[in-house]
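In listed order, ligands and their atoms are each counted from 1. All figures in this text were calculated on a predicted structure; none of them were measured in a lab.
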Amino acid sequence: MKFFIDTANLDQIKEANELGILDGVTTNPSLMAKEGIKGEAAIMAHYKTICELVDGDISAEVISTEFNAIVEEGKKLADIHPNIVVKVPMIKDGIKAIKWFSDNGIRTNCTLVFSAGQAILAAKAGATYLSPFIGRIDDSNWDGVELISQISHIYSIQGYKTEILAASIRNALHIVKCAEAGADVCTCPLDSILGLLKHPLTDIGLAKFLEDAKKTQ
Ligand code: E4P
């Protein structure tokens with residue numbers, strides 16, 4: 001399973017990248033707004049900076065919702081850097097645009113996915129990545145990880161090439177469960193990635209080893 005970081009914060013991107021396990025970055029308009037990035041030029045420049053920091057796929061989301069506008073916006077985003085993946089919402093014009101991008105060699109990430117039916121449509125349209133939002137599904141009292149399992153099963157028996165990118169991750173356990181459920185990629189906040197490191201027995205064991213090591217010096 002590939003690891004993406006889900007943020008537009010450059011310090012967090014650098015920290016995750018320095019771990020040596022980072023395969024890419026996802027952003028969305030809310031994450032860009034959180035960093036105070038404002039205006040088309042600043043947004044484009046921020047994506048370029050991220051592409052220069054991380055050698056991997058970088059999702060940049062369109063804010064247009066009409067087919068022609070999505071295509072024009074997506075083309076501009078894709079021109080920023082070869083690693084840009086155009087993130088397109090799961091709406092009717094979004095599906096049409098994903099098909100257009102797929103036919104024209106531009107990679108896409110279909111976002112705001114909450115059902116297996118949506119996952120089938122995105123795969124048929126040729127999406128490179130599919131982003132089911134598992135945390136938001138959990139928040140609405142459904143099982144987000146179960147959706148990853150269902151989509152993984154469908155894609156496997158149907159031979160769809162679209163990669164399942166588990167999004168809206170809330171904690172380290174989500175990452176483990178998504179790996180078990182067959183996600184190809186997990187995009188995670190830095191805290192959830194670092195949460196994978198934690199186990200009290202590791203801390204206790206290390207303290208003991210370091211204490212005993214003093215006897216050997
Ligand atoms: C990433 O691609 C998604 O936009 C993001 O994971 C959504 O996460 P949230 O539900 O925490 O906002």
All N/O donor-acceptor pairs, side-chain side in residues 75-84, below 3.5 Å, sequence neighbours left out:
residue, atom, partner, partner atom, Å
Lys75, NZ, Glu72, OE2, 3.2
Lys76, NZ, Glu40, OE2, 3.4
His81, ND1, Asn83, N, 3.0
Asn83, ND2, Gly56, O, 3.4

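- Within a 6.0 Å radius of CG in Leu194, more than 12 heavy atoms belonging to other residues, nucleotides or ligands are found.
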I'd like a table of donor-acceptor pairs (distance under 3.5 Å, sequence neighbours excluded) in which one partner is a side-chain atom from residues 86-94, with atom names and distances.
residue, atom, partner, partner atom, Å
Lys87, NZ, Thr27, O, 2.8
Lys87, NZ, Glu61, OE1, 3.4
Asp93, OD2, Phe67, N, 2.7

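- Side-chain N or O atoms of Glu73 include none that pairs as donor or acceptor with a backbone N or O of Ala69 at under 3.5 Å.
- The hydrophobic cluster containing Phe4 also includes Val85, Tyr129, Leu165, Val185, under a criterion of side-chain heavy atoms closer than 4.5 Å among ILVMFWY residues, counted directly or through chains of members.
- The local environment of NZ in Lys99 is sparse, with at most 12 non-hydrogen atoms from other residues, nucleotides or ligands closer than 6.0 Å.
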For each nitrogen or oxygen atom of ligand 1, which protein N/O atoms lie closer than 3.5 Å, and how far apart are they, rounded to 0.1 Å?
residue, atom, partner, partner atom, Å
ligand 1, 2 (O), Lys87, NZ, 2.7
ligand 1, 4 (O), Asn28, ND2, 2.7
ligand 1, 4 (O), Lys87, NZ, 3.1
ligand 1, 6 (O), Asp6, OD2, 2.5
ligand 1, 6 (O), Ser168, N, 2.8
ligand 1, 10 (O), Arg136, NE, 2.7
ligand 1, 10 (O), Ser168, OG, 2.7
ligand 1, 10 (O), Arg170, NH1, 3.4
ligand 1, 11 (O), Arg170, NH1, 2.9
ligand 1, 12 (O), Arg136, NH2, 2.8

